Amino acid sequence: MKFTRFAQGSSIYTGVITENEIREIEGDIFADWEYTGKIFSTADVTLLAPLQPNQIIGIGANYVSKLEDLPSELPEIPVFFFKPTSSVIGPEEEIIIPEGIEKVKFESELAIVIGKEAKNVPESEVLDYVFGYTVGNDVTAPQFFHQDGHWTIGKSFDTFTPLGPVIETELDPFAVKVEAKLNGIEKQNSETELMIIPIRRMVSYLTNVMTLKPGDVILTGSPVGAEFVGAGDVIECEIKGIGTLRNTFVIAKEHANTY
């Protein structure tokens, strides 16, 4: 089932996409919801980020280029970081390159959406707490990384977390590839088995540190191939079964309002 948020005029709705139409729903997608009976054509709406996250957690440097490069021992403390919810945008929205720099990096990722409260969850039960999956782009400005290794500023600018186009609840996360095309040219294409910290270990570890709640989004890392991009570049992050998340990069001054 593919859940989405979308706009028509000044109104925002939640719905389930089936082929070329969206059936509006009301209620809590993580608990109780029902169809309203109203149907929209996908051609007549603007897709938004499929949810407004409770919080966003990312993991750094989580892919190798080939299976034989996977480490024999996993890191004792994985490199996690937070991204602000204010950085979230949806499909086709512009990614704004911060003032003072000309380039940022794209990072196509499989994003996990937590569906129920999770604390101290064993790896064997992790998928019971996952609502579904979407595509994420962990846009990064390494120029703003702190010299002591802190990443927060370089990850946190407005528009730096595109999500979408839908939340797919029936995806097998172990049988997909994370892909990205820059201006139509393939840059990333890796199976999720190339993750250093696998999905079950990642989520279980987090639940032993913090309580995860419905609507939390976990960015599971970006494959080899991410690179710097500039104004006018178009990035398409894709996971078959979910869809394509397409955004264009612009310089901050091009986006500024004039009075």
Side-chain angles (χ1 to χ4, degrees), residues 1-3 29-31 50-51 53-83 85 88 107-138 151 155 161 163-164 166-180 188-226 237-243 245:
M1 189 169 284
K2 292 178 168 62
F3 288 86
I29 64 171
F30 303 114
L51 80 162
N54 180 55
Q55 62 181 346
I56 306 163
I57 305 166
I59 187 170
N62 198 39
Y63 272 80
V64 293
S65 58
K66 51 186 184 299
L67 284 175
E68 50 265 39
D69 290 339
L70 286 171
S72 56
E73 295 184 8
L74 298 182
E76 183 177 351
I77 303 178
V79 179
F80 287 109
F81 55 89
F82 284 94
K83 300 195 74 171
T85 57
V88 173
E107 295 185 17
S108 183
E109 308 199 8
L110 173 68
I112 297 170
V113 180
I114 297 298
K116 58 183 180 180
E117 188 169 303
K119 179 62 178 175
N120 296 327
V121 177
E123 291 183 33
S124 61
E125 298 177 13
V126 158
L127 297 188
D128 295 337
Y129 293 82
V130 173
F131 176 75
Y133 306 86
T134 190
V135 182
N137 185 354
D138 177 22
W151 295 0
K155 296 279 189 180
T161 313
L163 297 174
V166 301
I167 302 171
E168 173 58 73
T169 61
E170 299 174 11
L171 188 80
D172 179 357
F174 310 109
V176 296
K177 292 183 178 180
V178 179
E179 305 176 48
Q188 294 182 297
N189 190 337
S190 293
E191 297 176 348
T192 53
E193 66 179 352
L194 293 176
M195 289 183 185
I196 296 171
I197 307 291
I199 288 171
R200 289 188 179 91
R201 176 69 60 87
M202 187 186 311
V203 178
S204 177
Y205 182 96
L206 284 171
T207 69
N208 281 277
V209 175
M210 66 188 78
T211 300
L212 298 179
K213 297 187 176 182
D216 284 351
V217 170
I218 301 170
L219 302 173
T220 60
S222 186
V224 173
C237 302
E238 180 180 4
I239 297 174
K240 290 179 175 61
I242 302 175
L245 175 62

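These numbers come from the heavy atoms of this one structure, side chains and all, not from hydrogens, waters or symmetry mates. Quick caveat: nothing in here was measured; it's all calculated off a predicted structure.
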Where do [X] and [Y] come nearest, in terms of heavy atoms and distance?
| X | Y | result |
| --- | --- | --- |
| N62 | M202 | ND2-CE, 3.4 Å |
| Y63 | E191 | CE2-O, 3.5 Å |
| D216 | T211 | OD2-O, 4.3 Å |
| C237 | S108 | CB-OG, 3.2 Å |
| L194 | L70 | O-CD2, 3.9 Å |
| I197 | P75 | CD1-CD, 3.5 Å |

Closer than 3.5 angstrom, by distance alone: can the side chain of [X] be matched with the main-chain N or O of [Y] as a donor-acceptor pair?
| X | Y | value |
| --- | --- | --- |
| N189 | K177 | no |
| E123 | S204 | no |
| E109 | G221 | yes |
| T134 | L163 | no |
| N137 | E107 | yes |
| T207 | A118 | no |

Does the side chain of [Y] come within less than 4.5 Å of [X]'s, by heavy atoms?
| X | Y | result |
| --- | --- | --- |
| T161 | V217 | no |
| Y205 | I59 | no |
| P198 | L74 | yes |
| K240 | E179 | yes |
| I112 | Y133 | yes |
| K155 | F82 | no |
| L110 | L171 | yes |
| D128 | V121 | no |

Please report the C-alpha distance between W151 and V79 in whole Å, then the side-chain angles of each, then the deciding distance to 0.1 Å, and finally whether the side-chain contact (heavy atoms from CB on, under 4.5 Å) criterion is met. CA-CA 10 Å; W151 295 0; V79 179; 3.9 Å; yes
If you round to the nearest 0.5 Å, how far is [atom2] of [Y] from [atom1] of [X]?
| X | Y | atom1 | atom2 | answer |
| --- | --- | --- | --- | --- |
| I167 | L51 | CD1 | CG | 4.5 Å |
| Q55 | I218 | CD | CD1 | 8.5 Å |
| K2 | E170 | NZ | CD | 7.5 Å |
| I56 | L219 | CD1 | CG | 7.0 Å |

Do other residues, nucleotides or ligands put more than 12 heavy atoms under 6.0 Å from the CD atom of E68?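 For E68, atom CD is crowded (more than 12 foreign heavy atoms under 6.0 Å).
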Would you sort out whether I199 and V130 count as a side-chain contact (heavy atoms from CB on, under 4.5 Å), showing the intermediate values? CA-CA 11 Å; I199 288 171; V130 173; 5.9 Å; no
Between V135 and E238, does a side-chain contact (heavy atoms from CB on, under 4.5 Å) hold up when you go through it step by step? CA-CA 7 Å; V135 182; E238 180 180 4; over 6 Å; no
What is the ring orientation for F131 with F30, classed by angle as parallel under 30°, tilted 30 to 60°, or perpendicular over 60°?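 Aromatic pair F131/F30 classed perpendicular.
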Would you please test Y129 and V203 for side-chain contact (heavy atoms from CB on, under 4.5 Å) and show each step? CA-CA 9 Å; Y129 293 82; V203 178; 5.9 Å; no
Passing candidate, side chain to side chain contact (heavy atoms under 4.5 Å, CB included) with M195, options T220, V64, V178: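 Answer to the side chain to side chain contact (heavy atoms under 4.5 Å, CB included) test with M195 among T220, V64, V178: T220.
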